[in-house]
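Structure first, then comments.
Remember, predicted model here, so these are calculated numbers, not experimental data.
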Amino acid sequence: MSYSTAGPLRAVTLDDVRGAQKMLSGVARVTAMESSRHLSQLVGVPVYLKCENLQRTGSFKLRGAYVRIAGLLPEERAAGVVAASAGNHAQGVALASSLLGVHATVFMPKGAPLPKVSATRDYGAEVRLHGQVVDETLAAAQEYAARTGAVFIHPFDHPDIIAGQGTVGLEILEQCPKVRTIVVGIGGGGLAAGVAVAVKTLRPEVRIIGVQAEGSAAYPPSLAAGRPVAVENPSTMADGIRVGRPGDVPFAIVEELVDEVRTVTEDALSAALLLCLERAKLVVEPAGASPVAALLGGADGLGDLEGPVVAVLSGGNVDPVLLQRVLRHGMAAQGRYLAVRLRLMDRPGALATLLGVLSVADANVLDVSHVRTDPRLGLTEAEVELHLETKGPAHCAEVGQALRDAGYTIID
């Protein structure tokens, strides 16, 4: 399956996806399908998690990258391949190239997380850091391809890539034969398009719902316009689906076969990541958690869902620093993390008395900031900011009331 980058690219068929599945045998893992009792209770129908976060390189991207590179002509392989990515696609191309004996050059932004840069190098690629944002990195990779003759491996806008990602859909049908709804995150659209081709051809009654981050949602306006439309300055913590414009090839498939595209907030993404970690014991990156974020609204969030529902956890490559921030954000979104600022008399034992009130209220103190030198403070005053771990919104209210009852004024 090799296609020229010039001219229109043909549609992807079920035969393409089945061919990709044979090609990936022994290369990509058949990832686990895990049931989720918590989400099943929330939605009201059985919910299963397709764990592509446990795939080799930590995401589904290996599937498409391997199929694309394996389909190159001998002279194309000899010229090497080049890609641009902040993480998952980079690692997929690096490992696929290594397995196939092809030299890979991967351009990554200068600010790419160190673990992702190190992993890409460890998989055998030559890494070049260029630009501050992916658009600059992409331009550098394309210039390199034009100058050297290396084949540019697009992250989503090519039939081979889509066929490879579509093998996820075949596995879903094999592992959950009675599936009625599939929820999948969408960035450029390669995974959703591939899953849609595989599933809709074999089971046209299955409903497929795409999910985008609210701050990076190019598909809703594109579907409304009937053509790919770019959104300016896409912004979301879910870097795996932070794409400003749908790919031409996946867009045509998504427009035809995906039943609905929904958006989710950053708070919902944080809460979903926290849920996957606590309830499913799975480390999932924000993009991979986007289908779970869509399900967190229950039946009200996605309408009357027919079950079983399969949510595709597309990746688990999350930087530890980001994970810490996202988990804290998720706790705050669920009312399990409370920041309060108040003033008290600056005298010995005042802070201990305050902490005693919080102890009685059963709030766990995570951090204390004690300020005495702010010119807004009186001569005998101090300001304290506390970060607290709580048990939910009701407990937050109880903690606040306990502080007020003890005579403290909470500063907004």
Query raised in the report: If every non-hydrogen atom of A293 is compared with every non-hydrogen atom of A272, which pair is closest and at what distance?
Result: N-CB, 3.4 Å

**Report entry** No-hydrogen, no-angle side-chain donor-acceptor test under 3.5 Å, E136 and H130
**Finding:** no

**Report entry** Matching residue for Q212 among P246, P220, P234 - test: side chain to side chain contact (heavy atoms under 4.5 Å, CB included)
**Finding:** P220

Report task. Evaluate the side chain to side chain donor-acceptor pair (under 3.5 Å) criterion for residues T236 and E266: first the C-alpha distance (whole Å), next the side-chain angles of each, then the deciding distance (0.1 Å), finally the verdict. Result -> CA-CA 7 Å; T236 174; E266 299 297 284; 2.8 Å; yes

Report task. Compare every heavy atom of R56 with every heavy atom of G26, then report the nearest pair and how far apart it is. Result -> O-NH1, 4.4 Å

Query raised in the report: Taking atom types as modelled, is there a side-chain donor on T13 or D16 under 3.5 Å from an acceptor on the other?
Result: yes

Query raised in the report: Name the one of V261, I241, V211, L191 that satisfies side chain to side chain contact (heavy atoms under 4.5 Å, CB included) with I186?
Result: V261

Requested in this report: Kindly check if the number of other-residue, nucleotide or ligand heavy atoms within 6.0 Å of CZ (R279) is above 12?
Outcome: no

Query raised in the report: Can we say D362 and K391 salt-bridge, meaning some charged N sits less than 4.0 Å from an Asp/Glu carboxylate O?
Result: yes

Query raised in the report: Under 3.5 Å, is there a donor-acceptor pair between the side chain of K50 and the main chain of A32?
Result: no

Query raised in the report: So D239 and K116, salt bridge (Lys or Arg N to Asp or Glu O under 4.0 Å) or not? Walk me through it.
Result: CA-CA 12 Å; D239 57 349; K116 294 184 178 182; 3.3 Å; yes

Requested in this report: Look up atom CG in L366 and atom CD in E389, then write down how far apart they are to the nearest 0.5 Å.
Outcome: 5.5 Å

Report task. Mind checking the CD-CZ spacing from E52 to R29? Nearest 0.5 Å is all I need. Result -> 10.5 Å

Report task. Report the distance from atom CG of N364 to atom OH of Y337, rounding to the nearest 0.5 Å. Result -> 11.5 Å

Query raised in the report: Looking only at heavy atoms, which two atoms of R242 and S235 are closest? And how far apart?
Result: CD-CA, 4.2 Å

**Report entry** G188 backbone acceptor or donor facing Y219 side chain under 3.5 Å
**Finding:** yes

Query raised in the report: So Q55 and K61, side chain to side chain donor-acceptor pair (under 3.5 Å) or not? Walk me through it.
Result: CA-CA 9 Å; Q55 184 57 260; K61 289 288 190 177; over 6 Å; no

Query raised in the report: Is a donor on one side and an acceptor on the other found under 3.5 Å between the side chain of T263 and the backbone of A213?
Result: no

Query raised in the report: Is the closest side-chain heavy-atom distance between F156 and I162 below 4.5 Å?
Result: no

Query raised in the report: What's the verdict on side-chain contact (heavy atoms from CB on, under 4.5 Å) for D367 and L386, showing C-alpha distance, side-chain angles and the deciding distance?
Result: CA-CA 6 Å; D367 187 48; L386 303 120; over 6 Å; no

Query - NZ/NE/NH1/NH2 to OD/OE distance under 4.0 Å, E383 and R343 - result: yes

Query raised in the report: Which heavy-atom pair separates G226 from E255 by the least distance, and what is that distance?
Result: CA-OE2, 3.6 Å

Query raised in the report: Would you say the side-chain atoms of S290 pair up with the backbone N or O of A287, donor to acceptor, closer than 3.5 Å?
Result: yes

Query raised in the report: Side chains of E385 and H387: donor-acceptor distance under 3.5 Å anywhere?
Result: yes

**Report entry** 4.5 Å side-chain heavy-atom contact, P115 and P320
**Finding:** yes

**Report entry** K200/D259 ion pair, N-O < 4.0 Å
**Finding:** yes

Query raised in the report: In Å and rounded to the nearest 0.5 Å, what is the NE2 to CZ distance from H89 to F60?
Result: 10.0 Å

Query raised in the report: Looking only at atom types and distance, does a side-chain atom of T167 sit under 3.5 Å from a main-chain N or O of G164, one as donor and one as acceptor?
Result: yes

Requested in this report: May I ask you to decide whether R207 forms a salt bridge with E306, counting only side-chain N to carboxylate O separations under 4.0 Å?
Outcome: no

Query raised in the report: In Å, rounded to the nearest 0.5 Å, how long is the span from CG of N317 to OG1 of T57?
Result: 6.5 Å

Query raised in the report: Got a donor-acceptor contact below 3.5 angstrom from the S40 side chain to the S36 backbone?
Result: yes

Query raised in the report: Under 3.5 Å, is there a donor-acceptor pair between the side chain of H103 and the main chain of S98?
Result: no

Query raised in the report: Side-chain contact, heavy-atom cut-off 4.5 Å: I153 with V151?
Result: yes

Query - Working for side chain to side chain donor-acceptor pair (under 3.5 Å), residues T265 and E214 - result: CA-CA 5 Å; T265 65; E214 209 171 61; 5.8 Å; no

Report task. Applying side-chain contact (heavy atoms from CB on, under 4.5 Å), run through L275 and V292 and close with a yes or a no. Result -> CA-CA 9 Å; L275 183 148; V292 175; 4.2 Å; yes

Requested in this report: Go through D160 and I69 one step at a time and tell me if the side-chain contact (heavy atoms from CB on, under 4.5 Å) criterion holds.
Outcome: CA-CA 9 Å; D160 285 356; I69 297 170; over 6 Å; no

Query raised in the report: Is there side-chain contact between L42 and L296, with at least one heavy-atom pair below 4.5 Å?
Result: yes

**Report entry** V179 backbone acceptor or donor facing R203 side chain under 3.5 Å
**Finding:** yes

Query - By ring-ring contact (aromatic ring centres under 6.0 Å, His included) - contacts of Y66 (at least two apart) - result: none

**Report entry** Residue pair Q165 / I161, side-chain heavy-atom distance below 4.5 Å
**Finding:** yes

Query raised in the report: Distance-only, no hydrogens or angles: does the N53 side chain make a donor-acceptor pair with backbone N or O of V283 under 3.5 Å?
Result: yes

Query raised in the report: Between Q21 and E171, is there a donor-acceptor pair closer than 3.5 Å when you use the side chain of the first and the backbone of the second?
Result: no

Requested in this report: Could I get the full list of ring-ring contact (aromatic ring centres under 6.0 Å, His included) partners for H38, not counting sequence neighbours?
Outcome: none

Report task. Please examine the side chains of L223 and F251, heavy atoms only from C-beta on, and report whether any two atoms are closer than 4.5 Å. Result -> yes

Query raised in the report: Do L257 and I208 have side-chain heavy atoms sitting under 4.5 Å apart?
Result: no

Report task. Quick one: closest heavy-atom pair of I410 and L342, and the distance? Result -> CA-CB, 4.3 Å

Report task. Considering non-hydrogen atoms only, spot the tightest contact between G190 and P250 and give its length. Result -> N-CB, 4.0 Å

Query raised in the report: Should V183 and V309 count as side-chain neighbours, where that means a heavy-atom distance under 4.5 Å?
Result: yes

Report task. Would you please test V318 and V284 for side-chain contact (heavy atoms from CB on, under 4.5 Å) and show each step? Result -> CA-CA 7 Å; V318 57; V284 181; over 6 Å; no

**Report entry** Q324 atom CD, over 12 foreign heavy atoms within 6.0 Å
**Finding:** no

Report summary line: Rounded to the nearest 0.5 Å, the CE atom of M345 sits from the OG1 atom of T353 at a distance of 12.5 Å

